[in-house]
Each structure stands twice: as structure tokens, then as C-alpha cells.
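Order of the sequence lines sets the chain letters (A, B, ...), proteins ahead of strands, with each chain counted from 1. Values in this document were obtained by computation on a predicted structure and should not be read as measured data. We use all heavy atoms of the structure for the numbers below, so side chains are in, but hydrogens, waters and symmetry mates are not.
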Number of protein chains: 4
Amino acid sequence: MAKSQTRAAHKTGKNAREIILNAARAEFAEKGFNGARVDSIAARSGLNKQLVYYYFGSKDDLYRVTLEEAYTEIRLREKDLDLRSLPPQDAIVRLIDFSLSYLARHREFIRMLADENALGGPHVKDSDAFQRTNSPLIEMIGATLREGEAQGVFRKGIDPLDLYISIAGMTFFYFANGVTMSAIFGRDLSTPEALSVYRDHIVALTLAGLRP
Amino acid sequence: MAKSQTRAAHKTGKNAREIILNAARAEFAEKGFNGARVDSIAARSGLNKQLVYYYFGSKDDLYRVTLEEAYTEIRLREKDLDLRSLPPQDAIVRLIDFSLSYLARHREFIRMLADENALGGPHVKDSDAFQRTNSPLIEMIGATLREGEAQGVFRKGIDPLDLYISIAGMTFFYFANGVTMSAIFGRDLSTPEALSVYRDHIVALTLAGLRP
Amino acid sequence: MAKSQTRAAHKTGKNAREIILNAARAEFAEKGFNGARVDSIAARSGLNKQLVYYYFGSKDDLYRVTLEEAYTEIRLREKDLDLRSLPPQDAIVRLIDFSLSYLARHREFIRMLADENALGGPHVKDSDAFQRTNSPLIEMIGATLREGEAQGVFRKGIDPLDLYISIAGMTFFYFANGVTMSAIFGRDLSTPEALSVYRDHIVALTLAGLRP
Amino acid sequence: MAKSQTRAAHKTGKNAREIILNAARAEFAEKGFNGARVDSIAARSGLNKQLVYYYFGSKDDLYRVTLEEAYTEIRLREKDLDLRSLPPQDAIVRLIDFSLSYLARHREFIRMLADENALGGPHVKDSDAFQRTNSPLIEMIGATLREGEAQGVFRKGIDPLDLYISIAGMTFFYFANGVTMSAIFGRDLSTPEALSVYRDHIVALTLAGLRP
DNA sequence: AATGAATGAGTATTCATTCAT
DNA sequence: GATGAATGAATACTCATTCAT
């Protein structure tokens, strides 16, 4: 498989850099930064270890780039959300659903984010890209809140970043800490049904929580 | 320092096992499971590496026990919460405040939990202790919700576990992912003021969110 | 089992020293000197590790004593052979059969002897006991050969030690190197049938080989 | 010395793999599998420890390959014996002399074989190479025996493998267990004279033993 | 751009042995 | 005699990184 992937890559003109990044994302997501092996990333990519160093310089740099790419991607998706075109309450629901579905589909993003934070953020701190990829989200949420206030459906004085953090917390935590919670509370949270029930719960809680 | 710690331990009758566990908690919290070094744990404890193996058998087992102890401790504190003695809304506020202050004081718990989950829960899965340390919290929250319903201050049909997860999510995420969020949104979330503002936000959101 | 063995030992008055020696023989035979573990010997004996040191001082000394005991035992059995009471040719057959059956029953003796020799005999060299436990065998074989010569059934000039070595070689090697030989030649040498055929071969070869 | 050996190796085009194998053979022969140290093998080779793992994967695998190479070499020499070109009795003498001189010159082969068998053959069992390196010897001995029968100089019905084992036993045992035998019987068996006398003994015993 | 070979510094774990009681 | 606790010195094995081509 590795071999054919390489060949395919050569044919399609896909460059080695991108192939390595994909392999790195998978490896880092699975094992964390410290658990990941450069050898393993090379093997996953079907290329050799030295190319990893040729393109990325070090394991730390590779991790940083992988993280940046993950953030870049989610920022792109957030732009598509277009919350402003929706009635305020629908906008909040869409935001919650987007967050849940994106995280459900991108476990590797959860893993990398949790890992990076658990380690104290050493790669984020070294990166300019994070500051530059200013999220449009806070502004969009701010506009939604103002519109909701104007329409009388939301309370006044809600801080958009705090709201974002609370929504992100409720969604991220569900996936990120599902393993220990399932173990402790004896309820399987990984089923679509459990997720659907939880989604309705946080939608209701948030919408009601924003009412004047 | 190491020597005097050992001597002090001997004087106070504290046993080696406990000393090692404390050192392990600090090391694992700081570096994560893979980043932690058994050598470093031994050095922190002021004892030698072989004793770690004498008492715990392996790095994995030591991690598991450390995690179990951390859970045991939080369960003890949760029992003291005594939510039933409070009016329903006050009980929810106390729950949120407890969660925030416990996590603020026990960053090592956050780190270990995030790390364990990021790695897929390998130690939790091997442990019977987790299943046995049934949390009294969900039941307490259930009673609070029922009382709130009876008094007409809470909506019907709220699932206590879902509520717990959403509160835990909002609080845990704030601390756990603070590093990347501060970096991306350019607001320092680690100040007491920022925390206080956020606390008021989630208290308001949750209380309003529970109203009928 | 370990516990009951200890208790049994105490009841029967069997002393700890002997129990440890039995455990050591089994462990050394199974794993060789370097592969054997003092911990494992203690566990097998049902006693604790420190007693091993109390009685034997070191792993090397324990090995030496175990080897000496093994030799002492085979010397005792050799004395019972009483070759002198048999006609010369019968005596040789009895010698071969004794060697085969003793080795078949005492694989641990084979293992320890092979191991000690493979390591260059470090324990034998430190032991006075080996020199003192002068084997009666060579003298018995010498008498048998002289009697055979006198009766005209054996050639002259056969050295009893050389004969002993050749017989010991043919018998010892069969058991000692059976594993590699079975693997290489694809014939299972561990069956009673294979042993019986081989026994007849070396009896015939030796008796014919001694004829004038 | 180590350095110059490496350089010399590079100059002569000898590759690292072969250098390591030579070092391994010496170390394993001297200390046995469990007594041998990977560090020591690396030091002997003048290369570093990690290369040992790069080329061989593990200590066990290195041992297996070393053992296979030792067998491969003796098989090559056995092919040169060309017993069929000799009169039957001379062929047997040549077989005995080959066995004695090969073992005398290759003590490391004796040590490794004894060690492997004493440990129960763990490496032989994992190896396909042993089964594949079918020895030509048994067939050659078989042909010699048939020719001897035809000429009336050998008895009928002698099994070639049994004969091989008895000869191998007499020769191997002399070298393999010489240390303990010298210690017990008080005769130095390591002198050329002692060997020469023993050689004549087993030649005479075997030839006479094969007569009709 | 690409790769087989090589290495410094570590990393969890083991083990014979001793201490203190 | 007997034992739980403690330790110095290894020991097999790993891993990010670099060299040479």
C-alpha cells in the first residue's frame, strides 16, 4: 500500500510534503506528540525518514505545521458557516451543530489539540501562524448576539468569546473525554443516539440560556 | 533536597509508596504519560528508581494508580458538596463553582485526564477501580433537578448526566484548552478577572438554560 | 502451593536448606546459570530470597553446591552398579544402560553439566568437592576390562577412562543435543522407540568394538 | 583498535553486518546467550550498539543468525569430505578425524551448540534455515555403510543416523565436557597427546564395532 | 530530491545483593 | 532463623537526528 501510494503520488503530482503531512496527522492523532515516531510517520507515508527531515527539519516543526494545517482547515470551514444570513437563534443552532459534526469527523483535531494543551502549548507558542489565522468566528458570533438583542430574543451583555468557549467546551469535552466518562458512568456515549440526545440538550440549554 | 525529603518522610512516618505517588502525579501532570520519565519520578521522590518498580511494577501501572488516586480524591470532595441541602438553583451554582475551583487548584488532574483521553484511555480500560468508584454526583444532580421541577424553577426532562457533561465541559475546557485559546484569540484567559467573568457567564447561561 | 510446601517442610522437619536446593536445581536446569533468577528460586522454594543468601551466600555458591550435590548423587548410584559381580560383557551393557537411564531421568543433570562446561567450568574450578568425590567408576571399568582380557573376550590395551568418555559421550550427547539434532535431521529422537533403537546400536557397537 | 578495525573494514569492503556477526560469534561462544552482552558485541565489532539492532533486530535474532551461519559453514566443510571416494573403513576414519579437528578448531561452535541445547533450543525452533540446510552427511554415511556391507567389512543393518550420533557424541563430548572431566578425573584432556590417544581409541572402537 | 547507513543520548526495566529489624 | 524494604549497576532496546552519496 505504501508503495502504491508513493507511485500514485508521483503520478498525480501530489507532492511528498503533503503525503508526509497526512501521515503525520494520523500518527500524532493516534499517539500524541511524544508517543508518535518519526519512523512510523515515514512508514505511513511510504517515503523515507530523511525526506521528513528534508521537508520539515524536526519532529517538533512537523508537529507545529501539522497543527497549523489543522487550524487552517477549521478556519476555512468556519468561514462557510455564514451565520449572519440566519435568524439569531438558528445561527446559534448551526454553530453548535457545526462544532459537533466537525469534531465528530475530525477526531485527530481533538487529539492534537488536547495533546498540545496538555503539554503546555509548546508548539503553539512558537508559531506565528496561530496569531495570524484570526478566527472570523468571534466576530460572527458577536454580530449574531447583537442581532438577537435587537430582535429581543437574546439577553444583553453576553460576551461572544465567553459564549464561544462555553459552546466549544460542551462539544469538545463530549468527544475529548468520552473514554473516561463512558468508563466511569457506565453509559456508552459513542453511539449516534447518545450524541443526538446530548445535542438536543445543549441546544436547548444554550437557547434558553440566552433568552432575556 | 531529595535526601532531606526522604528523611522527613521517614520521620513523619509517610511511606515510600505515597512519596512516589506524589512525585509521579507531578511528573505525569507536567509531561504526560509518554513524556514522563521514571528516572525523573524517582529523582523527584528522593528515592531510587528500583523502588518505583518494587511498589508499582511498571510505568503503566504507576500511571494507572496515580489516575485512580486522583479520581478517588475528587470523588471524596464531591461527596462533601451536599447539594441536597441547598435550594435547587443554589445547588447548581455550587456545582459550577466547585468544578471551577477544583480544576483551578488541580491542574494535574486536568492534564492527566486530557492525556489519558488523548491516548485512548489505555489505563482506564485496565482498571476496575474506575468502575467501582461510582460517582455520587449524577444522583445528586438528579435529585436537584427533580426538586427544581417540583418547585417549578427548572424545566422537565433534563437528563442529569447530560447536564453534568455540559457543565464539566464548560469548566474543564476553559482550563484544559486555555493555552491554545489564549494564543488564537489574543485574550489572556488565565487572569482571575477573566475567570470571574467567565464564571458569571456560565452560571447565568446554565441557570437561564434550566428555566421552564 | 508454595505456602503449603513451606508448611509441609516445617512439619516434616525438612530443612529450608534442602528445600532451597531443590528449587535451585529446577531453576538452574531450566534456565542455566545466567538465565536463572534468585527471585525465581526463592519463589519456587516458597521461602524468601534472603534465606537463600543466609544459607548459600551468593548465586554462584548456590550453583556450585547444587552441582556438587548432583555429582554426589550420581556417584552414589554408580557405587550401586557393582560391575565386578557381572561377566565382563554384561558389565559393559549394564554400564551403558545405567548411563542412558540415569540421564533420561535426570535431565537437570545434563543441563547443568552442559551449562557449566559451556561457561568454562567456573564453579567446578572453585570447588574442592569435585576432586574429592573421586569416581569409583574408572576403577570398576578398569577391573572389568582386565577381567575381559583375561577371559579373552576383550582386546588388550583399552584405557578405562577413554572407554568411559566414549560411552558417556554417546549417551550424554543423545540427550544433551537432541533438540538441534531433531531439528536438523527431521527425526524425533525423544520417543522411547528411538531411544531403544539407539541403545541397541551403541551396545552392539561397543561390545563389538571391544572384541579382540 | 576498534576504530582501525572499522576503517579496515571499510577499506576491504567488508560490511558492517559481517563484522558484527564475527563479534557476536566470539561473544556468544565465550559467555553463552544469557551471559553475552549486546554492548560487548558492539564493542568487539568496533561499531555501535544501535547498528546491531539496525541489522539484526534483537539479541535473539542475532543469536539465531550466528547459529545458522555456524551451521552453514560446517555443512560446507562436510560437503568437501567426499567420503564416497574412499574405501569404507578409510571413510569412517576420515569422518572421525574431520569431526575431531573441526571441533578442536571451532570451540565457539561447541559452546553455542551446547548452550542452545541447554536452553531447550529456542532459537533453532524459530529458524527455517536449520531445516533447509539438510546435511549431506547422513546420506554419505549411508552410502559408505552400504559399500562396506557389499565388501563384507561392515555388519548389516547399521543405521547411518545412529552411527553419526554415536561418533558425534564421542567427539563432541570430549571437547564440550572436558572441563568437568579434567576436574573430576584428574587427567588433563586438553593436551594434544591426550587427544591423540583418545582419537586412536574411538577409531579402533568404531572400526571394530562395525565389523561383521 | 531521495536514500541506506550510522550514531549520541537516552529509557523502561532487571537483578544480585544488602540493610534493618 | 526469618523477612519486608531498599539499592548500585547493569541490560536490552529505542529514537530523533545526521552523514555520505
Side-chain angles (χ1 to χ4, degrees), chain A residues 6 10 15-17 20 33-42 45-63, chain B residues 6 10 15-17 20 33-42 45-63, chain C residues 6 10 15-17 20 33-42 45-63, chain D residues 6 10 15-17 20 33-42 45-63:
Chain A
T6 314
H10 286 175
N15 59 37
R17 203 187 126 91
I20 292 169
F33 176 73
N34 280 309
R37 301 292 167 240
V38 177
D39 268 303
S40 188
I41 291 170
S45 75
L47 300 168
N48 64 76
K49 200 169 32 165
Q50 295 77 353
L51 265 193
V52 176
Y53 284 91
Y54 182 79
Y55 281 111
F56 297 96
S58 74
K59 186 186 178 185
D60 274 290
D61 282 342
L62 175 56
Y63 190 85
Chain B
T6 313
H10 285 177
N15 60 35
R17 204 188 126 93
I20 292 169
F33 176 74
N34 279 311
R37 301 291 166 240
V38 178
D39 269 305
S40 188
I41 291 170
S45 75
L47 299 169
N48 65 72
K49 198 167 32 164
Q50 301 83 325
L51 263 196
V52 176
Y53 286 91
Y54 184 76
Y55 281 108
F56 296 97
S58 75
K59 187 185 178 184
D60 273 289
D61 281 344
L62 175 56
Y63 190 85
Chain C
T6 313
H10 286 176
N15 60 37
R17 205 188 123 91
I20 292 169
F33 175 73
N34 279 310
R37 300 291 166 242
V38 177
D39 268 303
S40 187
I41 291 169
S45 75
L47 300 169
N48 65 76
K49 200 169 30 166
Q50 294 78 352
L51 265 194
V52 176
Y53 283 91
Y54 182 79
Y55 281 110
F56 297 96
S58 75
K59 187 186 177 184
D60 274 290
D61 282 343
L62 175 55
Y63 190 85
Chain D
T6 313
H10 286 176
N15 59 33
R17 205 188 125 94
I20 292 168
F33 176 74
N34 279 311
R37 301 291 166 242
V38 177
D39 268 305
S40 188
I41 290 170
S45 75
L47 300 169
N48 64 71
K49 195 170 33 166
Q50 301 82 326
L51 265 196
V52 175
Y53 286 92
Y54 183 75
Y55 281 108
F56 297 96
S58 75
K59 187 186 178 184
D60 274 289
D61 281 343
L62 175 56
Y63 190 84

Could you check whether B:Ala42 gets within reach of a base, just the sugar-phosphate, or nothing at all, counting any heavy atom under 4.0 Å? nothing
Could you identify the nucleotide paired to F:dG8, looking across every strand shown and requiring Watson-Crick or G-U wobble geometry with both distances under 3.5 Å? E:dC15
Between B:Ala36 and D:Asn48, who's closer to the 5' end of DNA chain E by nearest nucleotide? D:Asn48
Winner on side-chain proximity to C:Val38, out of E:dT17, E:dT3, F:dT14, is E:dT17
Nucleotide nearest A:Tyr55 (side chain, heavy atoms from C-beta), chosen from E:dA1, F:dT17, F:dA2: E:dA1
Would you mind reporting whether D:Phe33 and C:Asn34 have side-chain heavy atoms less than 4.5 Å apart? no
Could you give the NZ-to-P distance, from C:Lys59 to E:dA16, as a whole number of Å? 4 Å
With a 3.5 Å cut-off and just heavy-atom distances, do the side chain of C:Lys49 and the base of E:dT17 make a donor-acceptor pair? yes
Have a look at B:Phe56 and say if it touches a base, only the backbone sugar-phosphate, or nothing, with a 4.0 Å heavy-atom cut-off. nothing
Looking at CG of A:Asn48 and OH of A:Tyr54, how far apart are the two atoms once the value is rounded to the nearest 0.5 Å? 12.5 Å
Among E:dT13, F:dA5, E:dT3, which is the nearest nucleotide to the side chain of A:Gln50? E:dT3
If you find the nucleotide of DNA chain E closest to B:Asp60 and the one closest to D:Leu51, which residue's nucleotide is nearer the 5' end? D:Leu51
Contact under 4.0 Å: B:Tyr54 side-chain N or O vs F:dA5 OP1/OP2: yes
I need the OH-C1' distance between C:Tyr53 and E:dT17, as an integer number of Å. 5 Å
Side-chain N or O of A:Arg37 closer than 4.0 Å to phosphate OP1/OP2 of F:dA16: yes
Watson-Crick or G-U wobble mate for E:dA20, both contacts under 3.5 Å: F:dT3
Which of these nucleotides, F:dA6, F:dG4, E:dC15, is closest to any side-chain atom of B:Ala16? F:dA6
